[in-house]
Structure formats: structure tokens, C-alpha cells
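Note that ligands are numbered from 1 as they come in the structure, with each ligand's atoms numbered from 1 the same way. What you see below is based on every heavy atom in this structure, not just the backbone, and it leaves out hydrogens, waters and symmetry mates.
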Amino acid sequence: MRVRVPGRETDNCRATAMPPESRHRRPLLVANWKMNGLHADGLALASALAGHAAAGEGGDIVVCPPATLLFALRAVFAGSAVALGGQDCHTAAAGAHTGDVSASMLADAGCTHVIVGHSERRAGHGEGDETVAEKAAAAHGAGLTAIVCVGESAADRDSGHALTVIGRQVEGSLPDGAAPENTAIAYEPVWAIGSGRTPGPADIAAAHAEVRAGWERRFSGSGAALRVLYGGSVTARNAGEILAVPGVDGVLVGGASLSADTFWQICRAWR
Ligand code: 13P
């Protein structure tokens, strides 16, 4: 199967769009700032977003800044509708792990969520499914919701193995004890991240269905309550259409979350 790209497949998206009133739960809208944001810029971005969020109607919003900004942003988001998340955590609760951050440190800094298994961690730090599952377990142990990332490479999709890879990653990356109350899964095709390209709505729907099927195989139970997010080149322009694809319960946003106005448009796009 070829990667279907053209970044903004508005017509296709409309074809399978589900009316907003048929959605059964509030979406989870997550900003992943990645390694961007010095103190002053991060504060300004967070303050602007908190101002927007005061108006409400944005869904469940989580901002995942660099770890250096967590304590400062905790103060900015205090009392607002915006929650705080980490971008990664170590598998261990504490110890001799230079440069790493534990899940309990994130909780201590005000986080309620943490991303684990992002493809940039999998590729850049050699993290496999087993490690990701251990990180998710560490997150749960600290009372955090784990946002577990999965997604196929361009080669996987081109060779027709995308769904197999996604299902295998889901089954391998979830620890015992994962439940819809403490876990969300983000489907992020590697080739869509930062590329301006997105899968068509049918491919997103199929991937999300496979995520839920993988969950059901792993836990022999229903994945209906699980929130499955889409990530990869989400913009203010395509967010409404992506959020309307059946099985999409939110988005994980990188580059477009670095503008408060743009991210807020994305947060409101489901309405
Ligand atoms: P972009 O939105 O920049 O494509 O990044 C997606 C992502 O990796 C979010 O975790």
C-alpha cells in the first residue's frame, strides 16, 4: 500500500466525517512542545493559552513542555482548564540515571499525564515496546495517565504492514494494569510527524480501529472507553476533519502547538 499523503485531504476527510454531536466523549487535546521553549517564551506561550482556555469549550487540554519549564508552567496553569504533562519518564522511580526524569518527579512538578514511547524516543534512544510498557507502568505507579505512542514507518505502510505493526506495538507497549482511566494511546505514523503529510481519513479510522483491537487482544476486554488520539502534522486547518473521523478521540500536536492561537483553534475544532 502506498502512503497517501497530500497533507490536507479535506475532501476525503469530509467523506467519512462524523457529526460532532455523535461524539461520545470529550476529546483529549495534547500539546507536545518537544525540545522547544526557553523560560520567557514558554511562559508567554503558556500564559496566552491559559487566557484562551479561560473561555472554556476546549476539550480536555494537556500541555507537555520541556521538563525545565514544568514548575514555572504549573503556576501559569493553576486554576485553569489546562493540565500539565511530561514528554517521557524513566522506568525506575529513582536512582542513578543521569539526565533522566522519573514519573514521580513529573507528578511532583504538577503533571497529570506523561507521553511514553514517542517515535522520537523509540528511534533516537532505542526504546522498544518492552521499555515503553515499563515506562507506562512507572507512570501509573506515580498516578499519571500514560499517553502511549505507536505508529508505523513509511516503509511499514508502503509494504502493506502498517496495521500489523500498529497492533503489535499496542499489545507490546501496554503494561498489566493499563485501563482507559489511566492510559490513552496516540497513533502517530512516523512519516506524518513534522512532514505536513497526513493519512487519509479511512487510513486513520482503520489504524484507530486496530489500536482498539490490539487493546482488546491484550486485555481480553472492551476498548470502547479507551481514548485514541491521532498525531502527525495536525494543524488548525485539518484538526476539525481529523477529529471527526470515527474512532478519533483527540489529537497529539507538535509544531502547531507552539502557537497559542493555532493550538487553541485546534482545541476548539471538535465543537
Ligand atoms: P507534528 O505535529 O509537528 O507533526 O508532531 C507530531 C508529534 O510528534 C506529536 O507528538
Side-chain angles (χ1 to χ4, degrees), residues 3-9 13 27-37 45 49 59-67 69 82-89 106 111 113-125 127 132 135-136 139 144-154 156-157 165-166 169-170 173 183-200 203-204 207-208 211 227-243 245 248-267 269-270:
V3 171
R4 279 210 271 130
V5 270
R8 331 231 186 259
E9 291 190 76
C13 281
L28 180 60
L29 307 146
V30 184
N32 177 7
W33 290 4
K34 307 191 178 182
M35 198 172 70
N36 296 291
L45 176 54
L49 182 61
D60 295 335
I61 303 172
V62 181
V63 170
C64 303
L69 294 180
V82 182
L84 207 51
Q87 296 180 9
D88 179 53
C89 67
L106 295 175
C111 293
H113 293 68
V114 60
I115 298 167
V116 294
H118 192 283
S119 65
E120 288 153 13
R121 301 286 316 177
R122 290 178 185 261
H125 298 264
E127 295 180 7
V132 176
K135 290 186 172 204
L144 301 178
T145 295
I147 302 169
V148 179
C149 299
V150 300
E152 83 283 1
S153 67
D156 295 329
R157 181 155 286 273
V165 168
I166 293 163
Q169 287 181 343
V170 169
S173 302
T183 305
I185 297 181
Y187 165 59
E188 296 205 304
V190 177
W191 53 270
I193 294 174
S195 67
R197 304 183 299 161
T198 58
D203 285 337
I204 294 177
H208 282 228
V211 167
R227 288 211 274 202
V228 184
L229 319 183
Y230 169 80
S233 294
V234 175
T235 65
R237 205 174 149 209
N238 63 21
E241 293 158 327
I242 289 172
L243 284 163
V245 173
V248 174
D249 305 308
V251 285
L252 177 54
V253 186
S257 72
L258 297 174
S259 154
D261 289 350
T262 303
F263 186 60
W264 182 242
Q265 285 178 51
I266 292 170
C267 291
W270 63 286

Is there a side-chain contact between Asp156 and Trp191 (heavy atoms, below 4.5 Å)? no
State whether a side-chain donor-acceptor pair under 3.5 Å links Glu188 with His118. yes
Could you tell me the residue and atom name of the protein heavy atom closest to atom 3 (O) of ligand 1, and the distance to it rounded to 0.1 Å? Gly255 N, 2.8 Å
Considering residues at least two apart in sequence or located in another chain, which fulfil the ring pair (Phe, Tyr, Trp, His ring centres under 6.0 Å) criterion with His113? none
Residues which pass ring pair (Phe, Tyr, Trp, His ring centres under 6.0 Å) with Phe263, listed by chain and number, not counting sequence neighbours: none
Show which atoms of ligand 1 fall inside a sub-4.0 Å distance from at least one heavy-atom site of Glu188. 6 (C), 7 (C), 8 (O), 9 (C), 10 (O)
List ligand 1 atoms under 4.0 Å from Asn32, heavy atoms only on the residue side. 9 (C), 10 (O)
How far apart are the closest heavy atoms of Gly151 and Val190, and which atoms are they? O-CG2, 3.9 Å
Taking the side chain as every heavy atom from C-beta outward, state whether Arg121 and Ile115 have any atom pair closer than 4.5 Å. no
In terms of atom number and element, which parts of ligand 1 are under 4.0 angstrom from non-hydrogen atoms of Gly232? 4 (O), 6 (C)
Look at ligand 1 and say whether Gly231 reaches it with a heavy atom at a distance under 4.0 Å. no
Distance under 4.0 Å to a non-hydrogen atom of Ser233: what atoms of ligand 1 satisfy this? 1 (P), 2 (O), 4 (O)
Taking 4.0 angstrom as the limit and counting only heavy atoms of Ile193, give me the atoms of ligand 1 inside it, by number and element. 4 (O), 5 (O), 6 (C), 8 (O)
Give the residue and atom name of whichever protein heavy atom lies nearest to atom 2 (O) of ligand 1, and the separation in Å to one decimal. Gly254 N, 2.9 Å
Counting non-hydrogen protein atoms only, what is the nearest one to atom 5 (O) of ligand 1? Give residue, atom name and distance. Lys34 NZ, 3.3 Å
Side-chain donor-acceptor pair under 3.5 Å between Arg122 and Ser173, yes or no? yes
